[in-house]
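Heads up: the structure comes next, in structure tokens.
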Amino acid sequence: MTVWMRALREAALDAVALVAPVDCAGCSAPDRALCGVCRAQLTPSPRSAVLSAPGAPPLPVVAGLAYEGVARAALLALKQEGRTELARALAPALLAAADRGWAAFGRVDALLVPVPGSPEAARQRGFHPAALLARRAGLAPRRLLRLAESGGGPQKGRALADRLAADRRITARARLDGRAVVVLDDVVTSGATLLAAADALRAAGAEVRGAVALAATPRRRGAGAVAWTVEAVDADAPAVARALRPPSGC
């Protein structure tokens with residue numbers, strides 16, 4: 001970004017702050033959705049893992065950030081406070097995960113399928129967080145999953161087996177025989193939701209190649225811990241996932 005473009009951007013942000021004052025989601029500094037220091041903390045840091053559960057095929061997954069610090073604060077502000085302007089700052093990390101994932105999964109024609117949110121949350125927010133982030137990243141998420149029934153309660157604090165049982169209510173909206181898919185979520189904790197979504201897609205005939213997410217909880221211990229490997233970022237790597245916008249009739 002050139003000096004004059006940076007100055008123009010800052011002037012535009014100053015004008016917006018006068019009309020609709022905001023605080024930085026990361027540090028609460030005034031007049032910016034994210035200040036420069038906090039925005040720098042969202043630089044993509046891809047990490048990969050393989051999720052597994054009894055009776056389920058292994059599911060490779062790539063996440064773009066650690067779910068901590070500014071990344072956690074910004075995503076919570078987006079989801080809980082409706083601060084959708086933060087999606088644009090978070091999107092590069094998701095795109096980095098998607099590009100790394102598509103390159104590793106080996107199917108460039110795969111559909112990107114977000115895990116379903118509850119109808120109650122959708123009504124309250126007015127948007128699906130993972131799908132919104134994907135669109136801001138220039139991707140084309142396909143809402144091909146749904147919850148078979150409401151309820152199930154919060155997932156936080158549950159053991160992996162309990163999370164898997166609760167997430168078995170995920171079902172596909174239609175048959176997907178032979179279609180390659182990649183599952184999408186905003187945050188990976190135990191991976192139970194991604195595993196259940198993958199299971200539902202396989203039941204509908206899809207070929208599940210892997211999963212991508214914006215962020216991953218950096219857990220190190222416990223039955224629900226996921227062993228993440230942080231990968232080097234190749235700035236010259238081609239953007240694979242962004243070019244995979246399926247026709248609207250798919």
**Q.** Separation of Gln80 CD from Leu75 CG (nearest 0.5 Å)
**A.** 9.0 Å
Q) Minimum heavy-atom separation for Ala93 to Leu42, with atom names? A) CB-O, 4.3 Å
Q: Answer yes or no: is there a side-chain heavy-atom contact under 4.5 Å between Leu65 and Leu214?
A: yes
Q. Do Trp228 and Thr217 touch side chain to side chain, with heavy atoms closer than 4.5 Å?
A. no
Q) How about Pro116 and Ile170: do any of their side-chain heavy atoms sit closer than 4.5 Å? A) yes
**Q.** Within-4.5 Å side-chain heavy-atom neighbours: Glu68 and Pro218
**A.** yes
Q) Going by heavy atoms in the side chains, are Val22 and Arg83 under 4.5 Å from each other? A) yes
Q) Which atom pair, heavy atoms only, marks the closest approach of Ala213 to Ala97? A) O-CB, 3.6 Å
Q | Interatomic spacing from CG in Leu194 to CG in Asp199 - rounded to 0.5 Å | A | 12.5 Å
Q: Return the minimal non-hydrogen interatomic distance between Ala211 and Val182, and the atom names on each side.
A: CA-CG1, 4.0 Å
(Q) Can you confirm whether more than 12 heavy atoms, excluding those of Arg173, are under 6.0 Å from its CZ atom? (A) yes
Q: Run the numbers on Val226 and Val61 for side chain to side chain contact (heavy atoms under 4.5 Å, CB included), then give the verdict.
A: CA-CA 11 Å; Val226 177; Val61 57; 5.6 Å; no
Q) Do Leu76 and Tyr67 pass the side chain to side chain contact (heavy atoms under 4.5 Å, CB included) test, and can you show the C-alpha distance, the side-chain angles, and the key distance before you say yes or no? A) CA-CA 10 Å; Leu76 286 176; Tyr67 186 58; 3.4 Å; yes
Q | Spacing of OG1 belonging to Thr84 relative to CZ belonging to Arg136, to within rounding of 0.5 Å | A | 6.5 Å
Q | Leu145 side, atom CG; Leu201 side, atom CG - distance, nearest 0.5 Å | A | 4.5 Å
Q. Is there a side-chain contact between Val70 and Leu34, using heavy atoms and a 4.5 Å cut-off?
A. yes
(Q) Show every salt bridge (charged side-chain N to carboxylate O under 4.0 Å, His left out) that has at least one partner inside residues 182-194, sequence neighbours left out. (A) Lys79-Asp186
**Q.** For Leu94 against Ala130, the heavy-atom pair lying closest together
**A.** CD2-O, 4.5 Å
Q | Non-hydrogen atoms of Ala172 and Ala204 that approach each other most closely | A | CB-CB, 3.5 Å
Q.
Can you tell me how far apart CG (Leu112) and CG (Leu184) are? Round to the nearest 0.5 Å.
A. 4.5 Å
(Q) Using only atom types and a distance under 3.5 Å, with no angle test, would you say the side chain of Arg143 pairs donor to acceptor with the backbone of Pro141? (A) no
Q: Identify the two heavy atoms, one from Ala63 and one from Ala216, that lie closest to each other, and give their separation to 0.1 Å.
A: CB-CB, 3.8 Å
Q | Residue pair Val113, Leu176: steps toward the side chain to side chain contact (heavy atoms under 4.5 Å, CB included) verdict | A | CA-CA 12 Å; Val113 182; Leu176 295 166; 5.8 Å; no
Q: Rounded to the nearest 0.5 Å, what's the gap from OG on Ser118 to NE2 on His128? Could you check?
A: 9.5 Å
Q: Examine distances only and state if a side-chain atom of Arg209 and a backbone atom of Phe105 form a donor-acceptor pair shorter than 3.5 Å.
A: yes
